[in-house]
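Notes follow once the structure below has been shown.
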Amino acid sequence: MRAIVLVFSLSLSIVTLSACSTVKPQQRAILADPTMQFEAEPEEGAVRQHALDNREGSMGGAGVAGGGCGCN
Amino acid sequence: MQLTRLFAMAVVAAAALAPARARAEVADVNTTHSVFFEQPTRTKMFVYTPGVSAQVTPWDWLDVRAGWEADVVSGASVAVKAGPAYQATHPAADVITAASVHDLRNRARGGFTLRKEAVSFTGGYSYSTEHDYRSHSFNVAARTDTYDKNSQFEIAYARNFDSVCDRTQVSDASNVPVHLQALEDSTGCFTSTAGRTTHSIAIDSFQGSWTQTWTPVLATQLVYTAEIQNGFLSNPYRAVIIGEGLKAQEHHPGNRARDAIAARMHLYFRPIRAALRLGVRGYYDTWDIKSFTGDVELEKYIADPFRVTFRGRFYKQSGAVFWSDDYTGGDRPLGPKGQYWSGDREISPFTSVLVGVRAIQTFAPQRPMLGIISQLKLALSGDVVQFKYDEYTLAGEPVTNARAYIGTLSLTAIF
């Protein structure tokens with residue numbers, strides 16, 4: 001029950017906080033720059049992440065699509 | 001190589017046949033090649049990863065993707081693991097053996113994204129195969145932009161149906177794990193050969209993310225990932241010395257629930273034309289591994305189409321609750337820790353530090369190259385990862401100066 005309340009509260013906070021942002025479309029030039037993208041250069045990033053994931057005990061925080069072990 | 005050429009030709013043909021109104025930037029093709037070399041004691045693992053991927057946008061509301069990649073692996077892997085206590089009482093025994101590893105992983109994937117106004121739906125599938133491992137993976141995602149596109153919310157789910165090869169054990173060994181024997185090699189895997197069997201692994205992954213722009217130069221992202229693994233989660237090739245004259249196949253729990261939460265911030269500095277990217281990640285799983293990851297990147301335009309990224313990454317994890325460097329050693333930190341045993345340094349406590357650099361050059365000529373390529377992008381990167389293992393040894397010999405090198409070359413053509 002506590003977890004449900006926590007998730008609900010967090011979701012409500014996120015939605016409320018989101019509404020505070022007022023960046024207009026004409027102000028987005030820098031936000032659209034490749035250096036500001038969260039998924040820029042996905043191929044290069046995926047290869048590096050794959051190598052690290054196979055040598056660490058943890059995962060997550062990036063993407064869920066995947067497949068295979070490749071864990072030698 | 002022929003497959004790669006055919007794939008590229010198919011994408012170019014698709015781009016040429018796409019409806020005229022969408023002909024500007026209707027497709028892109030990427031090829032990425034990476035090498036990984038690791039030089040801790042006795043392994044010298046080398047992995048070459050070539051890949052090619054493409055995306056076609058025949059209409060504004062549809063993206064179609066396909067790709068292929070491979071891991072060409074050579075080196076050695078620790079086949080039998082022992083610790084210092086056993087080695088101290090058996091000084092003449094060479095209890096650590098490193099088995100030669102040569103493997104080839106092929107992975108093919110495909111997917112699509114449907115868009116309508118501020119909402120998009122993505123679906124995908126991938127199949128990968130190795131000598132000893134097969135994986136079918138399905139993924140779906142939904143994303144929406146709200147508040148004048150200042151907020152993006154995405155949820156994603158993936159399900160893996162994997163299988164791993166193992167040795168057929170003697171009739172009652174599964175009930176008495178100390179009698180399990182490690183797989184010798186992958187010969188006969190996924191065939192009806194006597195002495196080989198297959199175990200299944202199911203993996204369910206869920207992810208939710210919130211991306212937010214706060215100012216014209218500041219954006220943040222919060223990501224939560226959960227994963228449940230169920231099945232055979234050990235390395236079938238690895239044996240661990242767990243007692244006097246007793247060598248048993250690695251034995252991990254058959255279930256694992258994993259949670260990770262990550263936060264990122266991107267901030268652009270106009271005066272120096274550079275973006276600072278910061279990220280932190282916390283992780284916990286039911287094997288009691290806890291980890292922290294910190295990332296920092298600075299990407300700067302040197303000249304307009306040329307930019308360079310400097311990056312660093314710090315990673316620290318605790319060991320699994322059943323991890324021990326020597327299951328014959330008596331008290332902690334050595335000695336047995338319950339009903340499971342492992343020889344994997346990946347679940348031992350350790351710290352790693354990565355430093356790297358990446359350079360990207362974009363070519364955008366006035367007229368399309370070869371009549372169809374509107375832009376070319378070349379990316380080169382190099383990273384060095386230094387590992388420091390707190391407890392993991394090879395029969396008491398610390399693994400010092402364990403270091404990995406990663407080099408990547410990526411070329412993208414936009415049609």
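Note that the structure is predicted; figures quoted are calculated from it, not measured. We name chains A, B, ... by the order of the sequence lines, and we start the count at 1 in each one.
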- prompt: Using non-hydrogen atoms only, which part of B:Y301 is less than 4.5 Å away from chain A: side chain, backbone, both, or neither?
  reply: side chain
Under 4.5 Å from a heavy atom of chain A, the part of B:Q221 involved: both
message: So which residue, B:V217, B:I347, B:I289, B:I406, ends up with the most heavy-atom pairs under 4.5 Å with chain A?
response: B:V217
field: Side chain, backbone, both or neither of B:T309 within contact of chain A (heavy atoms, under 4.5 Å)
entry: neither
task: Taking all non-hydrogen atoms of both residues into account, name the closest pair between A:G61 and B:A260 and its distance.
output: N-CB, 4.3 Å
query: Is it the case that more than 12 heavy atoms not belonging to A:E39 sit under 6.0 Å from its CD atom?
result: no
statement: Counting heavy-atom pairs under 4.5 angstrom with chain B, the leader among A:E41, A:E43, A:M59 is A:M59
message: Report which part of B:V385 has an atom under 4.5 Å of a heavy atom belonging to chain A: side chain, backbone, both, or neither.
response: side chain
message: Can you tell me which portion of B:R358 sits under 4.5 Å from chain A's heavy atoms? Options are side chain, backbone, both or neither.
response: side chain
- prompt: Could A:E56 and B:R258 be called an ion pair, given the rule that one side-chain N must be under 4.0 Å from one carboxylate O?
  reply: no
- request: Answer with side chain, backbone, both or neither: which region of B:Y125 has an atom nearer than 4.5 Å to a non-hydrogen atom of chain A?
  value: neither
task: Give a yes or no on whether the backbone of B:F387 and the side-chain of A:R55 come within a donor-acceptor separation of less than 3.5 Å.
output: no
message: For A:V23 versus B:P216, what's the shortest heavy-atom pair and its separation?
response: CG2-N, 4.0 Å
- prompt: chain A heavy atoms under 4.5 Å from B:T129: which part of the residue, side chain, backbone, both or neither?
  reply: neither
field: Top of B:R277, B:R313, B:K290 for chain A proximity - count of heavy-atom pairs under 4.5 angstrom
entry: B:R313
statement: If one checks every heavy atom of B:K300 against chain A at 4.5 Å, the contacting part turns out to be neither
query: Rounded to the nearest 0.5 Å, how far apart are CG of B:D383 and CG of A:L52?
result: 8.0 Å
- request: Check whether B:T220 gets within reach of chain A through its side chain, its backbone, both or neither, counting any heavy atom under 4.5 Å.
  value: backbone
query: chain A heavy atoms under 4.5 Å from B:Y224: which part of the residue, side chain, backbone, both or neither?
result: neither
field: Heavy-atom pair of closest approach, residues A:M36 and B:L218
entry: CE-N, 4.3 Å
- prompt: Among B:F350, B:Y315, B:W287, which residue forms the greatest number of heavy-atom pairs with chain A at distances under 4.5 Å?
  reply: B:Y315
message: Please check this pair: side chain of A:T35 against backbone of B:E299, looking for a donor-acceptor N/O pair closer than 3.5 Å.
response: no
task: Test A:H50 against B:T49 for side-chain contact (heavy atoms from CB on, under 4.5 Å), laying out the working first.
output: CA-CA 10 Å; A:H50 177 62; B:T49 306; 5.6 Å; no
statement: Interatomic distance, CD@A:Q27 vs CG@B:D148, rounded to 0.5 Å, equals 10.5 Å
statement: Looking only at heavy atoms, the pair that brings B:E346 and A:N54 closest together is CG-O, 3.4 Å
field: Contacting moiety of B:I203, where chain A heavy atoms sit under 4.5 Å
entry: neither
- prompt: Can you tell me if A:S58 and B:Y284 form a side-chain donor-acceptor pair at under 3.5 Å?
  reply: no
message: With a 4.5 angstrom heavy-atom cut-off, is it the side chain or the backbone of B:F36 that approaches chain A, or both, or neither?
response: side chain
field: Residue pair A:G57 / B:R256: nearest heavy atoms and the distance that separates them
entry: O-NH2, 2.9 Å
message: Any non-hydrogen side-chain atom of A:R48 less than 4.5 Å from a side-chain atom of B:R311?
response: yes
statement: Between B:N150 and A:R28, the two heavy atoms sitting closest are OD1-NH2, 2.6 Å
- prompt: What distance do A:D33 atom CG and B:H266 atom NE2 have between them, rounded to the nearest 0.5 Å?
  reply: 12.0 Å
Modelled atom types, side-chain donor and acceptor of A:E44 and B:S381, under 3.5 Å: yes
query: Which bit of B:R270 comes within less than 4.5 Å of chain A, counting heavy atoms only: side chain, backbone, both or neither?
result: side chain
